[in-house]
Amino acid sequence: MQREGDLNKRTMEKKSWDPAVVLPVCITSILVSSVALEVVYLILTIPGNGQVMLFVLTSYLLFNVIGNMLRFIQSNPTIKGVFLEHGSMGQGWEYCYSCQTHVPPRCHHCFDCNVCVLRRDHHCTLLGKCVGHSNYRYFFCTLVHGWLALLLATFLNAEIFMEVLHEGFGFHSFFLLLMPWMMLVTGQVTLSAFVFAFVADTCVIGFLFCFAFFTLHSILLCRGSTTKEWFRGSPKEDYDLGWKRNFMEYLGERWYLVLLSPWVESRIPGNGINFQTAPNSRKFSKSTDL
């Protein structure tokens, strides 16, 4: 019995280290670390008394980015471990042939995670997991603080762009900014110049990427909709309970505090199975008619 228990424990630990999650998280961690180290270096080169304020701001943003990433990875938005009471099935429930079970409304199968996800929004490639009912808060907060951190990094890297452009915007400057890898391989730039150009490009591209996603999810959050529902063209009044109630449904009852720290308690109302709909909605998340 003891050996069987140890074997099950090792099996669970092995499953928790899924390469589909570990690999993207490692790549994302390398990118975050490279940007953070370069920002610290740039802050140290700034003369005057502004270093302390920039260090405090950078530390706060980095704490929230890393903390929300960890909480996002640790959370489980899937149907694993969730008791789906078939007696409560009603309108909107569907049968998933991959998971071989009935699933509630807004629950969809992810072929990357190979499981159904409660109130599935989308699969986050950078963190290797789906965004769903229990971890949307951490995804959104990572997005907000990541956007602010990359905005700060882009601002600090502005001097690098200005120095490159000051030399004249020729083919050398063009390829250094857009394709630093090619310039390094061909021996046109030094390793240090490549590192600064690569990280500066990462900051700008990451900032634009986060800004686009932040804008999209801010709109969806105010409408009480998911990305999948938005692409599918579901009527916005289905689950739109008003912006304040929508924030509570997605970010928790203390939605106004979640940006302070990923460890601020903010209980999400509901269980990810039954959802309240707008009074004029044409859909109902729960019904007793079978």
Side-chain angles (χ1 to χ4, degrees), residues 60-61 64-78 92 104-108 110 113 116-127 129-151 206-285:
Y60 169 74
L61 293 174
N64 275 280
V65 169
I66 296 177
N68 281 292
M69 284 173 56
L70 289 174
R71 297 300 298 269
F72 176 86
I73 296 169
Q74 292 171 350
S75 61
N76 176 33
T78 70
R106 313 183 82 180
C107 180
H108 303 283
C110 175
C113 300
C116 283
V117 179
L118 297 173
R119 198 179 64 190
R120 182 175 184 267
D121 190 274
H122 69 282
H123 184 84
C124 182
T125 305
L126 293 178
L127 296 177
K129 290 189 70 173
C130 267
V131 181
H133 173 72
S134 63
N135 63 0
Y136 185 90
R137 162 200 169 174
Y138 305 116
F139 166 78
F140 186 77
C141 291
T142 301
L143 201 58
V144 173
H145 289 102
W147 171 56
L148 293 175
L150 289 168
L151 175 62
F207 166 73
L208 296 175
F209 175 82
C210 286
F211 177 74
F213 263 75
F214 170 69
T215 303
L216 172 63
H217 281 276
S218 296
I219 296 173
L220 295 177
L221 192 57
C222 292
R223 294 175 52 163
S225 180
T226 64
T227 302
K228 187 175 182 65
E229 291 166 351
W230 179 69
F231 274 109
R232 193 174 55 187
S234 297
K236 75 170 187 176
E237 63 268 22
D238 281 353
Y239 303 102
D240 189 357
L241 307 175
W243 71 268
K244 187 174 182 179
R245 180 63 184 179
N246 292 338
F247 273 58
M248 292 179 62
E249 290 287 331
Y250 281 78
L251 304 180
E253 295 175 346
R254 304 173 72 189
W255 56 271
Y256 46 87
L257 296 176
V258 295
L259 289 176
L260 296 178
S261 169
W263 279 273
V264 170
E265 292 295 331
S266 182
R267 189 182 68 85
I268 299 176
N271 53 10
I273 300 175
N274 303 308
F275 295 95
Q276 183 180 352
T277 55
N280 60 341
S281 176
R282 294 194 297 269
K283 292 184 179 180
F284 299 91
S285 61

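These values consider heavy atoms only, across backbone and side chains, with no hydrogens, waters or symmetry-generated copies. All residue numbers refer to positions in the sequence shown, counting from 1.
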With rounding to the nearest 0.5 angstrom, report the CG to OG1 distance, Leu127 to Thr142. 6.5 Å
Would you call the rings of Phe140 and Tyr136 parallel, tilted or perpendicular if under 30° counts as parallel and over 60° as perpendicular? parallel
Taking the side chain as C-beta and beyond, is there a heavy-atom pair between Tyr60 and His145 under 4.5 Å? yes
Pair Glu249-Ile268, side chain to side chain contact (heavy atoms under 4.5 Å, CB included): steps then yes or no: CA-CA 6 Å; Glu249 290 287 331; Ile268 299 176; 5.7 Å; no
To check you understand the geometry: which heavy-atom pair defines the closest contact between Asn246 and Leu221, and what is its length? CB-O, 3.2 Å
Any side-chain heavy atom of Asn64 within less than 4.5 Å of one from Pro262? yes
Regarding Arg119 and the six-membered ring of Tyr250, is the cationic atom NZ or CZ under 6.0 Å from the ring centre and inside 45° of its axis? yes
Say you draw a straight line from OG of Ser218 to CZ of Phe213; how long is it, rounded to the nearest 0.5 Å? 12.5 Å
Measure the spacing between CD of Glu253 and CZ of Arg267 and express it to the nearest 0.5 Å. 4.0 Å
Do Asp121 side-chain atoms and Gly132 backbone N/O form a donor-acceptor pair below 3.5 Å? no
Please examine the side chains of Tyr138 and Gln74, heavy atoms only from C-beta on, and report whether any two atoms are closer than 4.5 Å. no
Pair Trp255, Lys244 - check side chain to side chain contact (heavy atoms under 4.5 Å, CB included), show working. CA-CA 9 Å; Trp255 56 271; Lys244 187 174 182 179; 4.2 Å; yes
For the CG atom of Leu260 and the CZ atom of Arg254, what is their distance to the nearest 0.5 Å? 9.5 Å
Any side-chain heavy atom of Cys110 within less than 4.5 Å of one from His123? yes
Measuring from Arg223:CZ to Leu241:CG, what's the distance to the nearest 0.5 Å? 13.5 Å
So, for Gly272 and Leu118, which heavy atoms are closest and what is the spacing to 0.1 Å? O-CD2, 3.5 Å
Nearest heavy-atom pair of Met248 and Pro269: which atoms, and what distance? O-CD, 3.2 Å
Could you tell me which non-hydrogen atom of Cys107 sits nearest to which non-hydrogen atom of Cys116, and how far apart they are? SG-CB, 3.7 Å
Can you spot which of Trp230, Trp147, Phe139, Phe211 makes a ring pair (Phe, Tyr, Trp, His ring centres under 6.0 Å) with His217? Phe139
Approximate separation, where rounding is to 0.5 Å, of Cys141 SG and Phe72 CZ: 12.0 Å
Minimal heavy-atom distance between Cys130 and Asn135, with the atoms involved, is O-ND2, 2.9 Å
Is the terminal nitrogen or CZ of Arg106 (NZ for Lys, CZ for Arg) located under 6.0 angstrom from the six-membered ring centre of Phe275 and within 45° of that ring's axis? yes
Apply the test side chain to side chain contact (heavy atoms under 4.5 Å, CB included) to residues His122 and Lys228: give CA-CA distance (whole Å), side-chain angles for both, the deciding distance (0.1 Å), then the verdict. CA-CA 7 Å; His122 69 282; Lys228 187 175 182 65; over 6 Å; no
Stepwise side chain to side chain contact (heavy atoms under 4.5 Å, CB included) test for Glu229 and Tyr239: CA-CA 10 Å; Glu229 291 166 351; Tyr239 303 102; 3.8 Å; yes
With no hydrogens and no angle check, do the side chains of Thr277 and Asp238 hold a donor and an acceptor under 3.5 Å apart? no
Can you name the closest pair of heavy atoms from Arg232 and His108 and give their distance? NH1-CE1, 3.6 Å
